[in-house]
Every structure is written in C-alpha cells, then in structure tokens.
Amino acid sequence: MSMGSDTTWVGKKPLRRIRGMSDALSLAADLGFSVPPPSQEEVQNFSTTGEKCDDLIKVLRELTALQRKIADLQVELQGQKDDRNVAHLTHVSEMEKKCETLARITIILKDVIQNKDRIIACLQQPYSLDCIPVEAEYQKQFSELLMKAASDYGVLTTSVLDFAMEPEL
C-alpha cells in the first residue's frame, strides 16, 4: 500500500462516521491508499464468513450474558456467605434467641439472690448423701464436687470479709 501525498485531510474530522468495511475502504481510497478490488472468490468467502461472523457474534453475546449471570450469582453467593458469618450479630431471630437466653439466666440469678440465705444454710450444714438424691454411678464424683464446693465457699467467705474490711480510698 502506498500513501498519497495529499495532506488536506490532516487535522479535519471525517464528515460521517465509519460504519462498515466499505466505508473504511472508501475512506482509505480518499486518503490515497490503494485498495485492490476483491475477487469473486473473496466476495463469496465474505458472504459465508459474514454468516459465520453473525453466528460467532450471537455466541459471543450469549457467552457475555452467561458471564454476567455467573458474576451476579457469585456476588449473591458471597453475600450469603457474609450474611451467614455475621448472622449472630445482625439477624433479629438470632438477637431474639440471645434475649431469651439472657432472660432465663436473669431469672435464675434472681432466684439465687433471693434464696442465698437458704443456699448458704444448706451449704453450711454437714454433708449427707441422704438429703440429695444422686445416682449411684455419680456418688463418688458428687462427693468430691461437694467437698471442693465447701472449700471454695470458705475461701470466698474469707475474701468477702477481707474486701469488706478494707478501708475506702
């Protein structure tokens, strides 16, 4: 291909938009490029190639649409994973479960506080397996647990007394 020496087109925009190969070829010819006319065989190949190109374009469009759907599904899946990871922090049902658990614990703690004198009295009495029904297989473990609880109670009482005796700063 040879380029013409006409420079009148430099710095000017074409008057119309290039829409196809024929427009591009005519523009190239206007600029001084020599473009040989296609042979009859090439014209036939172009027509069958054009159909193949149309089919290829359709397939590419379908592929692009599928890729978009896949990307959308990946975003949705990631959102669900993230949602599952923070469900214990954000979902109302999870918060309701926590509130119910806290309410049950609060009731138990109120009962312990209200009955603390009775509990202390029971713990201060001599230990007897007759007053607390325990299955035979757990007797030894239960006995050890009660002995440990009694010693822990003694340490706790001493600590409370020490704390009560400390002067305020």
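All values reported here derive from a predicted model rather than from experimental measurement. Note: hydrogens, waters and symmetry copies are ignored here, and every other heavy atom, side chains too, is used.
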M95 side chain near V92 side chain, heavy-atom distance below 4.5 Å: no
Interatomic spacing from CG in L63 to CD1 in I70 - rounded to 0.5 Å: 8.0 Å
L145 side, atom CG; Y138 side, atom OH - distance, nearest 0.5 Å: 13.5 Å
Inter-residue atom distance S143.OG - K148.NZ, 0.5 Å rounding: 14.0 Å
Rounded distance (nearest 0.5 Å) linking atom CD of Q74 with atom CD of Q78: 9.5 Å
Result of checking L109, I108, I107, I113 against D111 for side-chain contact (heavy atoms from CB on, under 4.5 Å): I107
All pairs passing salt bridge (charged side-chain N to carboxylate O under 4.0 Å, His left out) where residues 79-96 contributes a residue, at least two apart: E94-K97
Pair D72 + R68, salt bridge at N-O below 4.0 Å: no
Pairwise distance CG(L146) to CG(D152) - rounded to 0.5 angstrom: 11.5 Å
Considering all heavy atoms, the nearest V112-I119 contact: O-CD1, 4.1 Å
Rounded distance (nearest 0.5 Å) linking atom CG of L73 with atom CD of Q80: 9.5 Å
